[in-house]
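The next block holds one structure in the form of structure tokens; read it before the comments.
Hydrogens, waters and symmetry mates are skipped; everything else that's a heavy atom, side chains included, is used.
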Amino acid sequence: MLYAIIGQDQPGSLENRLAARPAHLARLQALQEQGRLVLAGPFPAIDSPDPGPAGFSGSLIVAEFASQEDARIWADADPYVDAGVYTHVEIKPFRKVFPA
């Protein structure tokens, strides 16, 4: 099943986010290589594709996992969690409708 993983950034965490980004992207790359990643990306803190020092307010990952618990275990091991970027992470079952 697909799950939406929504991480909420800690205010002022841009430096930590940038430091942990390579490890975070490596985990996403692994999901993509397994054919389990639907989409992933950050939420800019301002209305701009490159928010500069304003940074980001969080991230969204939609990926396939065997269960919500497996999605939680995967999300809890994210480098952004370890680096203190996220204040919390929400996991929701997700049903893709479009594009078909």
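- A chain of hydrophobic side-chain contacts below 4.5 Å, direct or via other Ile, Leu, Val, Met, Phe, Trp or Tyr residues, connects Leu18 to Phe56.
- Among all heavy-atom pairs drawn from Lys96 and Pro99, the shortest one is CE-O, 3.1 Å.
- Ile6 and Leu39 fall within the same hydrophobic cluster, defined by Ile, Leu, Val, Met, Phe, Trp and Tyr side-chain heavy atoms under 4.5 Å apart, directly or through other members.
- Of all heavy-atom pairs spanning Asp82 and Ala77, the tightest one is OD2-O, 4.2 Å.
- Val89 has its side chain within reach of Ile91: a pair of non-hydrogen atoms, C-beta onward, lies under 4.5 Å apart.
- Distance check: Gln29 CD to His24 NE2 gives 12.0 Å after rounding to the nearest 0.5 Å.
- Pro51 and Gly55 get closest at one heavy-atom pair: CG-O, 3.0 Å.
- Leu28 and Phe94 sit in two unconnected hydrophobic clusters of ILVMFWY residues. Membership requires side-chain heavy atoms under 4.5 Å apart, directly or through other members.
- Side-chain N or O atoms of Gln68 include none that pairs as donor or acceptor with a backbone N or O of Tyr3 at under 3.5 Å.
- Looking only at distances, no side-chain donor or acceptor of Ser57 sits under 3.5 Å from a matching main-chain atom of Ala45.
- Of the residues Met1, Gln34, Arg36, the one that meets the side chain to side chain contact (heavy atoms under 4.5 Å, CB included) test with Glu64 is Arg36.
- Aromatic rings from Tyr80 and Tyr86 are positioned such that their centres are separated by under 6.0 Å.
- A salt bridge links Glu90 to Lys92: one of the charged nitrogens lies within less than 4.0 Å of a carboxylate oxygen.
- Grouping the Ile, Leu, Val, Met, Phe, Trp and Tyr side chains by contacts below 4.5 angstrom, directly or via other members, places Trp74 apart from Val38.
- Taking CG of Leu31 as the start and CD1 of Ile61 as the end, the distance is 7.5 Å to the nearest 0.5 Å.
- The structure places CD1 of Ile5 at 10.5 Å from OG of Ser59, a figure rounded to the nearest 0.5 Å.
- Val81 and Val85 fall within a single hydrophobic cluster, where Ile, Leu, Val, Met, Phe, Trp and Tyr are joined by side-chain heavy atoms under 4.5 Å apart, directly or via other members.
- Sparse packing is recorded around CZ of Arg21, with 12 or fewer heavy atoms of other residues, nucleotides or ligands lying under 6.0 Å away.
- A donor-acceptor pair under 3.5 Å is formed between the side chain of Ser67 and the backbone N or O of Asp70.
- Separating the CZ atom in Arg95 from the CG atom in Leu2 is a distance of 11.0 Å, to the nearest 0.5 Å.
- Nearest heavy atoms, Leu60 versus Ala4: CD1-CB, 4.1 Å.
- Asp9 is listed as a side-chain neighbour of Arg17, based on a closest heavy-atom distance under 4.5 Å.
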